[in-house]
Amino acid sequence: MDFSLPVPRWAIYTIFAVGAFLILLLIICCCCCCCKRKKNKNKEKEKIKLGTIKNNLTTSLVQPDIEGLQKSQENDYRGRLQYSVEYNYQREEMTVQVKQAASLKAMDSGGTSDPYVIVFLTNDSRKKHETKVYRKTLNPTFNESFTFKLLKSEVEDTSAVMQVYDFNRFSKHDVIGEVRLQLRDINLQHVIEEWKELSAASNTEYERLGEICFSLKYIPVTSKLIVVILEARKLKKMDNDGLSDPYVKVQLALNKKKWKRKKTAVKKNTLNPYFNEEFTFDVTLEQIQNVDLIISVWDHDKVNKNEQIGKLFLGCRSSGNALRHWSDMLAHPRRPIAQWHNLQAAEEIDKTLALKSHIKFPRPNR
């Protein structure tokens, strides 16, 4: 008997094709799994390598060469200074006594120094006292006292500075180091006596010159720049009586050339003058982009030449608070914008501005 089933050829081909497809799909899945495992292993190895690199970098940054560090510390060491500080609340006087120094840095070729000390308070750095010069020693004994007038209201913002110098007969004296004491951090109810290591002296001595408040308003339609000088406070003392006779100059410069200038009235015998004076300048919208507004505070003197107390400038070339004030004025036309500003040294502002002579406008033809 014949039990064969009548199966068409196309069905047999279809079954073989499906079986081959399933086998191929299984092989592809196995290959993908193997590749993923290899990649994961490689990633783990890379992580380990990166971790070791990071650890090496951090250890090299955190732990520098010990010998180099010791040498740099030896070069930076400037010595120690013993001093005492005493404040008399009744007399409003500060007494600073320079006692002695030890292990000062040798500044001369012979391995010694000729040290002396300059003492001053930052509330009036013009009044400086200095000790005698001691020849060829790194351990001088001074035992000299200096007294300064210091109001109770000024103690909070004042520092006592003792700068140790090396005397040179034929060249500029070299500064060895300094001790700077912020009086607000000291208990002045008692006499303070201590040793302190000298630190590097600042290249430029910061001097508190005072602050000034003024408002700015620009009206584009009428091309008016309005400056209102309101008040100033904590100005530098310029007169012998501890006061000043301040007034303010308001100057415009166009394209780095002096242009227009006005000034306030003089306020007698005060460090906190109130002005409230308004000045109006004609400045077009095209000119406002190239204008520098220069505010300077002066001390009036009947006998001698008037002296500048401090200065600042605003405009597109300025920076910090000055630029922010100028930008706020331009962003809010017809609205007065008032702000306080710290005065800066006139020399620094003049150097930054680098102004030329006055602008010479052509005369109209008749």
Please report the interatomic distance [atom1]([X]) to [atom2]([Y]), rounded to the nearest 0.5 Å.
X: R324; Y: H341; atom1: CZ; atom2: NE2; result: 9.5 Å
X: N269; Y: S244; atom1: CG; atom2: OG; result: 9.0 Å
X: L216; Y: H332; atom1: CG; atom2: NE2; result: 13.5 Å
X: D299; Y: K237; atom1: CG; atom2: NZ; result: 13.5 Å
X: I294; Y: L355; atom1: CD1; atom2: CG; result: 4.5 Å
X: E231; Y: E211; atom1: CD; atom2: CD; result: 10.0 Å

If hydrophobic clusters are built by linking Ile, Leu, Val, Met, Phe, Trp and Tyr wherever their side-chain heavy atoms come under 4.5 Å apart, do [X] and [Y] end up in the same one?
X: I186; Y: Y87; result: yes
X: F148; Y: Y89; result: yes
X: F214; Y: V266; result: no
X: I226; Y: I337; result: no
X: W298; Y: L243; result: no

Grab the two heavy atoms, one from [X] and one from [Y], that are nearest each other, plus how far apart they are.
X: T95; Y: S145; answer: CG2-CB, 4.3 Å
X: S103; Y: Y77; answer: O-CE2, 3.7 Å
X: V297; Y: P246; answer: CG1-CB, 4.2 Å
X: I212; Y: I229; answer: CD1-CG2, 4.3 Å
X: L138; Y: G111; answer: CD1-O, 3.8 Å
X: T270; Y: N272; answer: OG1-N, 3.0 Å

Give every donor-acceptor pair under 3.5 Å between a side-chain atom in residues 275-285 and any protein atom, sequence neighbours left out.
| unit_1 | atom_1 | unit_2 | atom_2 | d |
| --- | --- | --- | --- | --- |
| E277 | OE2 | A265 | N | 3.0 |
| D282 | OD1 | K224 | NZ | 2.4 |
| T284 | OG1 | Q287 | N | 3.2 |
| T284 | OG1 | Q287 | OE1 | 3.3 |

For this session: Tell me, please, which residues at least two apart from R335 pass side-chain hydrogen bond (donor to acceptor under 3.5 Å, both in side chains).
Result: none
Exercise. With Y165, which residues qualify under side-chain hydrogen bond (donor to acceptor under 3.5 Å, both in side chains), at least two apart?
Worked result: Q163
Problem set entry | Worked verdict on M238 versus D245 for side-chain contact (heavy atoms from CB on, under 4.5 Å) | CA-CA 8 Å; M238 303 297 289; D245 300 323; over 6 Å; no
For this session: For K263 and R261, run side-chain contact (heavy atoms from CB on, under 4.5 Å): C-alpha distance rounded to whole Å, both residues' side-chain angles, the deciding distance at 0.1 Å, then the answer.
Result: CA-CA 7 Å; K263 63 180 179 180; R261 182 176 61 186; over 6 Å; no
Problem set entry | Flag for Y83-E194: side-chain donor and acceptor within less than 3.5 Å |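 Looking only at side-chain atoms, Y83 and E194 do form a donor-acceptor pair, the distance falling under 3.5 Å.
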Exercise. With the threshold set at 4.0 Å, does a side-chain nitrogen-carboxylate oxygen contact exist between K236 and E307?
Worked result: no
Tell me every residue that passes salt bridge (Lys or Arg N to Asp or Glu O under 4.0 Å) with [X], counting only those two or more places apart in sequence or in another chain.
X: K234; answer: D157
X: R184; answer: none
X: R334; answer: none
X: D108; answer: none

Exercise. More than 12 heavy atoms of other residues, nucleotides or ligands under 6.0 Å from NZ of K149: is that the case?
Worked result: yes
For this session: Could you give me the CA-CA distance, side-chain angles and deciding distance for L293 and L252, then say whether side-chain contact (heavy atoms from CB on, under 4.5 Å) is met?
Result: CA-CA 5 Å; L293 172 63; L252 290 183; 3.6 Å; yes
Is there a donor-acceptor pair under 3.5 Å between the side chain of [X] and the backbone N or O of [Y]?
X: R80; Y: A102; value: no
X: Q251; Y: K258; value: no
X: N306; Y: D301; value: yes

Seminar exercise, completed: So salt bridge (charged side-chain N to carboxylate O under 4.0 Å, His left out) across residues 19-30, not counting sequence neighbours, yields none
Exercise. Restricting to pairs with a member in residues 89-98, which pass salt bridge (charged side-chain N to carboxylate O under 4.0 Å, His left out), not counting sequence neighbours?
Worked result: none
For this session: Identify, with sequence neighbours excluded, every residue that meets side chain to side chain contact (heavy atoms under 4.5 Å, CB included) alongside K302.
Result: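 K302: side chain to side chain contact (heavy atoms under 4.5 Å, CB included) contacts with K268, H300.
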For this session: Mind checking side chain to side chain contact (heavy atoms under 4.5 Å, CB included) for N290 and listing every partner two or more places apart, or none if nothing turns up?
Result: L254, N255
Just so I know, are the side chains of [X] and [Y] near enough to count as touching, which here means a heavy-atom distance under 4.5 Å?
X: C213; Y: W340; value: yes
X: L312; Y: N342; value: no
X: R180; Y: T122; value: yes

For this session: May I ask you to decide if the ring planes of F142 and Y134 are parallel, tilted or perpendicular, using 30° and 60° as cut-offs?
Result: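 Aromatic pair F142/Y134 classed perpendicular.
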Problem set entry | Step-by-step side-chain contact (heavy atoms from CB on, under 4.5 Å) determination, W195 to V179 | CA-CA 10 Å; W195 283 90; V179 170; over 6 Å; no
Validation: residues 112-121 side-chain donor-acceptor distances under 3.5 Å, sequence neighbours left out:
| unit_1 | atom_1 | unit_2 | atom_2 | d |
| --- | --- | --- | --- | --- |
| S113 | OG | K105 | O | 3.0 |
| S113 | OG | M107 | N | 2.9 |
| D114 | OD1 | K136 | N | 2.7 |
| Y116 | OH | H173 | ND1 | 2.7 |

For this session: Determine the sole option in T158, N123, L183 for which the side chain to side chain contact (heavy atoms under 4.5 Å, CB included) test with M94 is passed.
Result: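 The passing option is L183.
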